[in-house]
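In what follows, a single structure is set out as structure tokens and then discussed.
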Amino acid sequence: MNLNTYFIKIKRRFRELWEFKIFRYAVLIHGFYFILSMILTLIFFRDQNDFLVYYEVGEVFITDINNLYSTEYLWPFRYFPISAAFFVPFYLLGFDLGFVLFNFINLILNILSCILLYKIIILIKGKHHEREDNRIILYISLFLIGLPNLFNYILGQINLYITFLILLSLYLFLKYETLKWDFISSLILGISVIIKPITIFMIPFLLVVNFKFEQRKFKFNIKRSYIRLIGVLIPLSMNIIFFSIYPALLRGFITTNFTGDEPIIVNHSFSISKLILNFCIFFNIPYNSLLIILLILFIIGGIGFLTYVFRRFNNNSIVLAYLFGILIMLLAYYDSWTHHLLALTPILIILIFIIPRNSDITKIYIKPSFFFLNFIDLGFMGIWFIIKNWFPFNFVSTIFLLLIFFGLIKYCLREDLKNY
């Protein structure tokens with residue numbers, strides 16, 4: 001297929017999609033989000049956005065790398081040191097042009113993510129869902145008009161880069177079941193971790209292990225698990241070079257993420273760890289921030305991993321692995337924000353098309369949580385700023401994340417759903 005034929009095919013498909021009213025609204029609203037973000041950030045919020053941190057990180061990386069984590073940014077830089085190199089080109093372009101290019105890439109990646117999301121759903125859609133793609137277009141349109149997209153554009157955040165890499169690796173895992181593609185898929189996921197560590201807790205779920213109830217024994221595919229781990233760890237291991245050459249980076253990374261002063265600040269993060277920290281700070285209760293996150297990680301992560309191992313089926317299990325990994329991060333780590341939900345909601349949409357449409361799990365746990373997180377969560381963040389002086393707990397989103405977590409556990413352990 002030559003390039004001209006390919007563009008004609010795209011144009012024809014877009015015209016078909018334009019017939020859907022919800023798709024037209026989604027394109028127009030999403031375009032409004034993108035333009036509004038440019039106006040708000042470049043004119044009104046030049047000193048209050050996450051891209052400013054990335055911009056300054058790019059500068060420090062090439063001028064004073066030893067102080068990458070000790071430099072006072074608007075907000076702490078928590079990513080791996082190699083990710084700072086990614087922001088250098090945007091710094092060299094200057095703030096305005098750098099922000100425009102950064103968000104334009106965000107927009108392109110969002111379009112590509114929607115295409116991947118469509119392809120994944122077509123690939124895994126259960127027999128209990130209709131053959132037409134109308135409902136797929138509906139949910140992709142709902143994702144596009146979700147408020148986390150607006151928030152991400154305004155802040156100049158990097159989450160859509162991560163969303164694209166997550167969906168690309170997931171699609172390759174589902175499409176090809178060979179060791180070569182397991183390695184490539186894991187490598188792509190590893191790149192997402194070094195850009196932003198929100199996907200780091202997906203790594204244990206790459207292990208190909210499952211308890212077989214019929215034989216009453218564990219089945220562990222050592223070769224496939226080894227290939228996957230090698231793939232995901234290769235990009236991460238590149239940080240060792242930076243930590244070896246610049247020991248200050250390792251100390252700074254550990255301090256910024258786990259042992260520093262940042263966790264003592266009350267904020268609107270909806271993770272369980274942060275809710276506990278906010279409670280301790282508000283009522284002057286002594287605490288150890290590292291111990292709290294490790295405890296929550298042990299409980300939530302342990303339950304999630306054991307559930308995954310003892311799941312009743314293997315069909316599309318990698319989707320469950322990705323979802324467990326993201327949920328554990330959002331529930332356990334200090335900083336879980338609305339824009340992070342862009343890594344979660346596409347996987348929720350995929351799960352909606354895997355689980356039987358009329359299942360109580362879909363109706364009670366997954367769909368209500370998707371709609372809340374996609375459209376309402378941002379409002380509760382605003383409420384938090386109004387009431388934080390006497391009630392500093394942004395807990396409603398936490399409840400819906402736990403609903404998803406519980407629903408996922410039920411789905412994994414339900415005997416009657418193993419054939420879907």
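Note that the structure is predicted; figures quoted are calculated from it, not measured.
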Working to the nearest 0.5 Å, report the span between CD1 of Ile158 and OH of Tyr161.
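One gets 6.0 Å once the value is rounded to the nearest 0.5 Å.
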
In Å and rounded to the nearest 0.5 Å, what is the CG to CG distance from Leu207 to Asn221?
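Interatomic distance, Leu207 CG to Asn221 CG, rounded to 0.5 Å: 10.5 Å.
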
May I ask you to check whether [Y] and [X] place their ring centres under 6.0 Å from each other?
X: Tyr153; Y: Tyr33; answer: no
X: Trp18; Y: Phe14; answer: yes
X: Tyr365; Y: Phe406; answer: yes
X: Phe353; Y: Tyr139; answer: yes
X: Phe218; Y: Phe310; answer: yes
X: Phe211; Y: Phe213; answer: yes
X: Phe80; Y: Phe243; answer: no

For the pair Phe393 and Phe279, name the ring-plane relationship: parallel under 30°, tilted 30 to 60°, perpendicular over 60°.
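Taking Phe279 first and then Phe393, their aromatic rings sit tilted (interplane angle of 30° to 60°).
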
Aromatic plane relationship, Phe87 with Phe102 - under 30° parallel, 30 to 60° tilted, over 60° perpendicular:
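Tilted, since the angle between the ring planes falls between 30° and 60°.
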
Mind checking what makes side chain to side chain donor-acceptor pair (under 3.5 Å) contact with [X], not counting sequence neighbours?
X: Ser192; result: Thr199
X: Asp50; result: Gln157
X: Thr338; result: Asp377

Is the shortest distance from a Lys or Arg side-chain nitrogen in Asp133 or Lys125 to a carboxylate oxygen in the other one below 4.0 Å?
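Judged by the 4.0 Å cut-off on N to carboxylate O distance, Asp133 and Lys125 do not form a salt bridge.
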
Out of the candidates Tyr91, Tyr79, Phe99, only one should pair with Tyr54 under the side chain to side chain contact (heavy atoms under 4.5 Å, CB included) rule; please name it.
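The side chain to side chain contact (heavy atoms under 4.5 Å, CB included) with Tyr54 is passed solely by Tyr79 among Tyr91, Tyr79, Phe99.
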
If only side-chain N and O atoms count, and only distance matters, is there a donor-acceptor pair under 3.5 Å linking Tyr334 with Asn257?
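No.
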
Report yes or no: do His339 and Asn149 form a side-chain donor-acceptor pair below 3.5 Å?
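Absent: no donor and acceptor within the cut-off.
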
